[in-house]
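So the structure is just underneath, and the comments pick up after that.
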There are 2 protein chains.
Amino acid sequence: MLDKEEYQLTIDASVLYYLEGKTQSQIAKELFLSRPKVSRLLKKARELQIVDISINYQNEDIERLQGEVRRKFNVPNVIVAKTLTDENETLREVGKAAAKELAMYLHDNMTLGISWGKNVRMTASYLKKHRYINMRIVELFGAISYDLNETDMLSIGRSISSKLNGKLYPLPSPIYINDPNARKAIIETPLIQNTLSKISDCDLILTGIGAIDSEALQTLWDSYVEADMKEQIIGNGGVGFILAHFFDKNGEFLDITVNECVIGIQTETIKTKKIFAIASGKEKARAIYASLRGGLINTLISDEETLKTVLKMTEK
Amino acid sequence: MLDKEEYQLTIDASVLYYLEGKTQSQIAKELFLSRPKVSRLLKKARELQIVDISINYQNEDIERLQGEVRRKFNVPNVIVAKTLTDENETLREVGKAAAKELAMYLHDNMTLGISWGKNVRMTASYLKKHRYINMRIVELFGAISYDLNETDMLSIGRSISSKLNGKLYPLPSPIYINDPNARKAIIETPLIQNTLSKISDCDLILTGIGAIDSEALQTLWDSYVEADMKEQIIGNGGVGFILAHFFDKNGEFLDITVNECVIGIQTETIKTKKIFAIASGKEKARAIYASLRGGLINTLISDEETLKTVLKMTEK
DNA sequence: ACACTTAGTGCACATATGTTCAAACATAGC
DNA sequence: GCTATGTTTGAACATATGTGCACTAAGTGT
């Protein structure tokens, strides 16, 4: 995509432009390029996130919001990113904030459990490289390649573990398996067994929160959940899901088959773990509200508008 | 300096410009301002670090350098910032990198020891606000207002403790007091005593490294060190200082009066503590080299060119 | 009340930046 | 070796941005 020389040139130009404040013409001369070329390099640098622009928008509104959510739901930690007009840009902001906050929790000799989804992926993409000692990354439920996308060809787990210098415990399996024999067979596979045994060691779990009828759920449904399960979830009042497990409007896990046949973490384990959740977008407000009520979340990263919507729900 | 409304306007403009990618004219319309006004707001936002632009310049050169320093001197952690043409800009970069790295080490229930100087101040200025529980900030040696400057009117200690929600233990005293009676009197002051007693609790110490003949030392000398001490330091082969204590080319603390009459941390204590040192600039290379040889440093934050110079010294 | 200073404004201009386009160059297929 | 196809280039143009300057309004001292 970008050869080594060009990559270095991109960095050099970015440093000269954004940090040293030179003009593109000056840079062009210095690096023996045409001025338009410099302009293009800088554009690429922004696209590839070689240049990262962030804004310190701590203000009273946001701090108040943060405090209110924290108090109302008794969540230990809440981070609020700015909501932008473009939904994808908001996702980016939330991901950036999440990556920054997550770094606070990371340390040597830890086991980090991870989930799938847009939010986790975006967070991973903004994580800074750091060589932790004895770090383990554990995939908490199955999913064969469903989250691979064109941009980065690595699974989220691979991308995180390479950034943090951690050992990855992958879970190459379908998410849900109903048939007892098939389940047994999969679970007893040494590779799978090895990963499953690491789940109880997780010091922190990184995950998104899903809403029923969301795009993410659509993917799940298309690929993994049979039609009758769908009805079961809705029929039992499911409003959202976390780590592949569905919960109702009070954040209580539903007592249904789907929740029982996940290859990976169990509902009981979820309740005992520190959950670092990234979730933004108004359509997720109900699911976020429920998971907060259920006390499932320890750290919540979201955006201003979404949290305002969540707070409004407490008023009714 | 900037009233609340203007401050909010500055943030709004920055978000629209840098995150949402709108043009200044569009923003002007949206916020009911003239275009030049928007341009000026954005300029102010950059100056006040409301907008922060950073560049991911991990490349092989820097990684190699980092590894070499780590191995050659057996320092656990080394972070290398980019050297820019302007010295102050380099200082900024180093400070940014230091703040980011420091955040990794901060946690609830900790005691952080701090020093004075340009580097620590710059690091403090880039620290992000975070409400740690039960955090203590301890000034490790005296200095009455010598480091106050025009830009921020807070002492470094105040600025750090307000950002991290920590309790500050200040040390309002001269750095050096030779006269035993005066020493005794100062040390027995309850306020001073209280701070001194917290020094041994420090989990981490944040400091710069000073070079003999440096500008920082000049300040020290002008204000606190008498002429004969100056000769004593040079006569005994002093090449640098850390936390107000002077050391020789091997990083061994000098056996001289100045080192004994500091109001604050003692040489023996320095050796047992985790030191997070921020030091850049070629003029400091010798001092950095010495402190690394003496094994005084646990984490070193510096810049590319300085560390290259330091490495060259090992060859001789 | 008056002159005098000061900080802030927007216009108009100078400068810097982004983008279109045609030509040059590279790459793959035959 | 040659055409077809796609990429990359910089000149020229269009747009966006920064700033000197003259002007205004608010504050200050006499």
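Chain letters run A, B, ... following the sequence lines, proteins first and then strands; every chain starts at 1.
Using a 4.5 Å heavy-atom cutoff, the side chains of A/Thr85 and B/Glu20 are in contact. Using a 4.5 Å heavy-atom cutoff, the side chains of B/His130 and A/Glu101 are in contact. Between B/Val78 and B/Leu307 the shortest side-chain heavy-atom distance falls below 4.5 Å. Side-chain contact between B/Asp12 and A/Lys82: present, with at least one pair of heavy atoms (C-beta onward) separated by less than 4.5 Å.
Between the CG atom of B/Leu33 and the C1' atom of C/dC11 there is a distance of 16 Å, given to the nearest Å. Distance CD (B/Glu47) to P (D/dT19): 10 Å, rounded to an integer number of Å. Nucleotide C/dG8 holds its C1' atom 12 Å from the CG atom of B/Leu41, rounded to whole Å. What separates CZ of A/Phe32 from P of D/dG10 is a distance of 14 Å, to the nearest Å. Taking atom CG of residue B/Leu9 and atom P of nucleotide C/dG8, one finds them 14 Å apart after rounding to whole Å.
For B/Lys163 (side chain) and B/Leu127 (main-chain N/O), a donor-acceptor pair under 3.5 Å exists by modelled atom type.
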(request) For each nucleotide in nucleotides 12-18 of chain C, reading 5' to 3', give B when a protein heavy atom comes within less than 4.0 Å of its base, S when such contact involves only the sugar-phosphate, and - otherwise. (result) B---SBB

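Defined by atom type and a distance below 3.5 Å, a donor-acceptor pair is present between the side-chain atoms of B/Thr299 and B/Tyr105.
When the C1' atoms of four end pairs are superposed on the next four at each end of the helix from C/dA1-D/dT30 to C/dC30-D/dG1, using five pairs per end, the two resulting axes differ in direction by 30°, to 10°.
Judged by the 6.0 Å distance and 45° axis criteria, B/Lys29 is not positioned over the aromatic ring of B/Phe32.
Identified under the ring pair (Phe, Tyr, Trp, His ring centres under 6.0 Å) test for residues 36-55 of chain A, with sequence neighbours left out: none.
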